[in-house]
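Owing to the predicted nature of the structure, the values given are computational and were not obtained by experimental measurement. Lettering of chains follows the sequences in order, A, B, ..., and the numbering in each one begins at 1.
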Amino acid sequence: MPRTLFDKIWDTHLVGQRADGRDLLYIDRHVLHELHAHHGFTQLEKQNRPIHRPDLTFAVQDHTVATQAGRDDDTNPSGTAFLRAMREGTRRNGIRLFDIDDPEQGISHVVAPELGIVLPGATHAVPDSHASTVGGVGALAFGVGASEMTHILATQVMALKRPKRMRARLDGRLGAHVSAKDVALRLIAELGVAGGRGYAVEYAGSAVRAMPIEQRMTLCNLNIEMGGRSGLVAPDDSTFNWLARRPYVPQGAMWDRALAHWRTLASDDDAAFDRDVTLDCGPLEPQITWGTDPSQVVGISGRVPDPAAFDPSRRAAAESAFAYMDLKPGTPLAGLPVNRVFIGSCTNARLPDLEVAAAVVRGRRVAQGVIALVVPGSSSVKREAEAAGLDRVFRDAGFLWGESGCSMCAGGNGDRGEPGERCVSTTNRNFENRQGPKVRTHLASPVTAAASAIAGRIADVRQLGVA
Amino acid sequence: MQPFTVHCGIAAPLLKDDINTDQIAPVLHSRGLKEDYKPLLFLRARQHADGSENPDFVLNKPQFRNAGILVTGHNFGAGSSRETAVWSMIANGIRVIVAKSFADIYRENCLQNGLLPVVLEADAADAFVARVVAVDGSAPFTVGLVTQLISGPGGPDVAFEIAAADRVRLLEALDDIGLTLKHMNEIASWERHAAAAQPWMQTARDSRRPKEDA
């Protein structure tokens, strides 16, 4: 019987079934971060239960780390206890930690694939809803709560009900300055914030095939913003070339053996999906959110929509978003004055994200009064960007250049906006108060964020004359 | 985790769709490892920016201060996987959430903590919401997990569906890890098989480091 890629990975990892009917799914790679790891360590110690596979478990300090140069545990005082508890817990349990001063520290969803810790066809879990970022290399990933994390620590499996399958076929050739971020925002706008609920989503189609791996990760990262827990792209030669020679991938003859397996990782031609959706990406312009959930999106040349255009069930939410965002229906998005710009997060802070943003910024200045911050997705990305001189480009233009971490995505490290500020951000959630109390977030791509920092207003990068 | 058999409590209407976990339990700039989850619940809605109480928020109204049942719309618990968004409910004595639908991870987090997620289909939900609004906290509703019924003022009992396994897990407060540990033999045997079939997945080693004792 023809099977989807999702089913192939699921079936390969199926350990058994519990009496309650849940499938036990083996987790090949488990990555912890400091906000939640402590809970798991203390629970298991209380229960006298060992960690089953510390050797398949990794840990990263990312959510609470400060981004200032020369940072340490105390730079962000509210993170200190979490960072120390993580350090002590991983040491007690023999888990490899990418600590605050590790040259390969960074955001877990950036670090795990760039080191080759996560591989095509692998199952992966992180106590963070953006776990499925690594779907970009063809892994099946699950964002989990703290209890599920503890369960995986004790058993290396998850107890799950098999989700339904969706295929999102994204076709067409992306226009200039249009990237995976714009495609994902448009898809979320079309399907809604719960459109992917209950599904594992496979992203397919010519637009996805043409995307470099980093953009595929951006696409899979945003899967949860339409309610999908897992999203992935079938691996191909781009994936294998991207992974080759990364430190944790299999080496030598083992690489060849793995590669032969990875080449089987695709949905069969006539595999059935429970839902098929399509998006023609050819006509897309850069996208930006106007509201307070990631489905409230327009093209950069668009206007804040009229509440009458909404389904009655969505109208109240739209009106509440207008109030929070201080926007009136009919206002063009481009031209709105911005106070802050953030380029970072697991969504858009890999090296190519910084390269395209730097190309926009090069030789220009951040507009007067705008605070603009770039936080690389990992310390490795930061080092590579610095080797390429990108830090100079950003700094010369007036951007702040930070140490790696989650930073202003959720503000857990103290990087936040001030009440009432309007912020263009390359992150994943424009929820109320997320980037600081009363901060008004507009989600967009790195080039749109960069262009807006230069203009001091929400800007269409295509009008800036960047090659 | 406390077993859930029946809960009798005031039902508070929070009639919005897509309420996310940032709203339910915000990430605070200042916090500790052992958070007091009680004040965290809907903190931004409960308090004005100056820290004073917002009297208009439903859980601040006198009749709903001790609500045990939260009644809401579609896709409750969207967003982050943070479990504080469930722990803060429990800390406030909320044991049941009645919604039109739940976000996947949030629903799982509810089951892990003895918080009963009840899904009502649209028509039944609308009728139940109307009763909750009409009674306005003046009398309690009773949610029975054995009977799978909600009863209370203003109408007949409302039946709800829940997967048998989820129901038993809540009724008996089953130790989820314990359930899986019964399968450790299968897990070990899967690992042996995987080590032979796909050995690169059963090791995760930094190839730049010298091999430890082989």
Side-chain angles (χ1 to χ4, degrees), chain A residues 15-16 18-22 24 26 28-29 38 47 49 55-56 78 81-82 85 117 119 122 127-129 143-148 150-151 154-157 159 193-194 197-198 227 229 247-248 250-251 254 257-258 261 293 313 316-317 410-412 414 416 419 429 431-434 437-438, chain B residues 16-18 20-23 26-33 44 49 74-75 78-84 86 101-106 108-109 112-113 163-166 168-169 174-177 179-184 186-187 189-191 194 198-208:
Chain A
V15 168
R18 268 190 347 195
D20 64 359
R22 286 191 174 220
L24 294 176
Y26 198 84
D28 295 313
R29 300 288 186 268
H38 166 78
Q47 297 163 4
R49 285 171 169 159
D55 59 323
L56 301 183
S78 76
F82 291 90
I117 289 171
L119 298 169
D128 185 279
S129 62
V144 302
S147 297
E148 284 182 298
T150 309
H151 181 282
T155 64
Q156 205 59 29
V157 300
V193 292
R197 194 157 43 76
R229 199 173 191 182
Y248 282 82
Q251 308 288 318
M254 193 62 84
R257 201 172 152 190
H261 171 67
D293 82 41
S313 69
R416 303 191 140 191
R429 289 188 179 130
F431 294 160
E432 292 182 14
N433 305 304
R434 181 170 171 91
K438 308 286 175 208
Chain B
K16 283 185 177 165
D17 293 334
D18 305 315
N20 64 61
T21 53
D22 278 28
Q23 290 169 285
V27 169
L28 298 182
H29 181 191
S30 129
R31 59 186 156 183
L33 285 176
R44 306 265 184 234
H74 275 293
N75 196 31
S80 156
S81 61
R82 72 184 69 130
E83 211 158 305
T84 51
V86 168
S101 59
F102 288 88
D104 289 342
I105 303 175
Y106 190 82
E108 181 62 33
N109 288 343
Q112 293 280 357
N113 290 280
D166 296 342
V168 171
R169 182 158 153 196
L174 292 176
D175 165 19
D176 195 46
I177 295 175
L179 291 184
T180 299
L181 287 173
K182 292 179 185 164
H183 296 264
M184 279 322 272
E186 281 166 85
I187 292 171
S189 121
W190 188 93
E191 285 172 331
Q198 291 180 30
W200 63 89
M201 287 312 321
Q202 273 291 298
T203 57
R205 226 182 56 80
D206 185 343
S207 59
R208 298 165 301 185

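- Between A/Val157 and A/His151, some side-chain heavy-atom pair lies under the 4.5 Å cut-off.
- Side chain of A/Arg197 to main chain of A/Gly227: no donor-acceptor pair is present (N/O by atom type, distance under 3.5 Å, no hydrogens or angles).
- Interface residue B/Glu191: only side-chain heavy atoms are found under 4.5 Å from chain A.
- At a 4.5 Å heavy-atom cutoff, the contact between B/Trp200 and chain A is made by backbone and side-chain atoms alike.
- Heavy-atom distances place the side chain of A/Ala85, and not its backbone, under 4.5 Å from chain B.
- If you check the side chains of B/Asp18 and B/Asn75, you find a donor sitting under 3.5 Å from an acceptor.
- A salt bridge between B/Lys16 and A/Glu432 is absent, with no side-chain N of the basic residue lying under 4.0 Å from a carboxylate O of the acidic one.
- Highest contact tally toward chain B, considering only A/His261, A/Gln47, A/His38, A/Arg29, is held by A/Arg29 [criterion: heavy-atom pairs under 4.5 Å].
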Inset, instruction - Decide side-chain hydrogen bond (donor to acceptor under 3.5 Å, both in side chains) for B/Glu108 and B/Gln112; before the verdict, give the C-alpha distance in whole Å, the side-chain angles of both, and the deciding distance to 0.1 Å. - result: CA-CA 6 Å; B/Glu108 181 62 33; B/Gln112 293 280 357; 3.3 Å; yes
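- A donor-acceptor pair shorter than 3.5 Å can be found between the side chains of B/Arg82 and B/Ser80.
- Contacts between A/Val144 and chain B at a heavy-atom distance below 4.5 Å involve the backbone alone (N, CA, C, O).
- For A/Arg257, the parts lying under 4.5 angstrom from a heavy atom of chain B are both the backbone and the side chain.
- Per-residue counts of heavy-atom pairs under 4.5 Å with chain B were compared for A/Asp293, A/Leu56, A/Ile117, A/Val15; the largest is that of A/Val15.
- Interface summary for chain B: among A/Gly16, A/Pro250, A/Pro247, A/Ala159, the most heavy-atom pairs under 4.5 angstrom belong to A/Pro247.
- The candidate from A/Ala316, A/Ala122, A/Ala81 with the greatest count of non-hydrogen atom pairs under 4.5 Å with chain B is A/Ala81.
- Under 4.0 Å is where a charged nitrogen must lie from a carboxylate oxygen, and between B/Asp175 and A/Arg49 at least one such pair does.
- With respect to chain A, the highest number of heavy-atom pairs below 4.5 Å among B/Leu179, B/Leu174, B/Asn109 belongs to B/Leu179.
- Note on B/Ala194, B/Ser101, B/Ala78: by heavy-atom pairs under 4.5 Å with chain A, the leading option is B/Ser101.
- Between chain A and the residues B/Ile105, B/Leu181, B/Thr84, the largest count of heavy-atom pairs under 4.5 Å involves B/Ile105.
- The most heavy-atom pairs under 4.5 Å with chain A, out of B/Asp166, B/Asp206, B/Thr21, come from B/Asp206.
- Heavy atoms of B/Met201 lying under 4.5 Å from chain A belong to its backbone as well as its side chain.
- One finds the CG atom of B/Asp22 at 8.5 Å from the CG atom of A/Asn433 (value rounded to the nearest 0.5 Å).
- With 3.5 Å as the limit, one finds a donor-acceptor pair spanning the side chains of A/Ser129 and A/Arg429.
- Contacts between B/Phe102 and chain A at a heavy-atom distance below 4.5 Å involve the backbone alone (N, CA, C, O).
- Heavy-atom minimum distance, A/Gly411 versus A/Arg416: O-NE, 3.2 Å.
- Looking at A/Ala317, neither its backbone nor its side chain comes within 4.5 Å of chain B, counting heavy atoms on both sides.
- Heavy atoms of A/Tyr248 lying under 4.5 Å from chain B belong to its backbone as well as its side chain.
- The most heavy-atom pairs under 4.5 Å with chain A, out of B/Asp176, B/Asp17, B/Val168, B/Val86, come from B/Asp176.
- In this structure, A/Gly145 and B/Glu83 approach most closely via the heavy-atom pair C-OE1, 3.3 Å.
- For A/Pro437, the part lying under 4.5 angstrom from a heavy atom of chain B is the side chain only.
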Inset, instruction - May I have the step-by-step check of salt bridge (charged side-chain N to carboxylate O under 4.0 Å, His left out) for A/Glu148 and A/Arg22, ending in yes or no? - result: CA-CA 14 Å; A/Glu148 284 182 298; A/Arg22 286 191 174 220; 5.6 Å; no
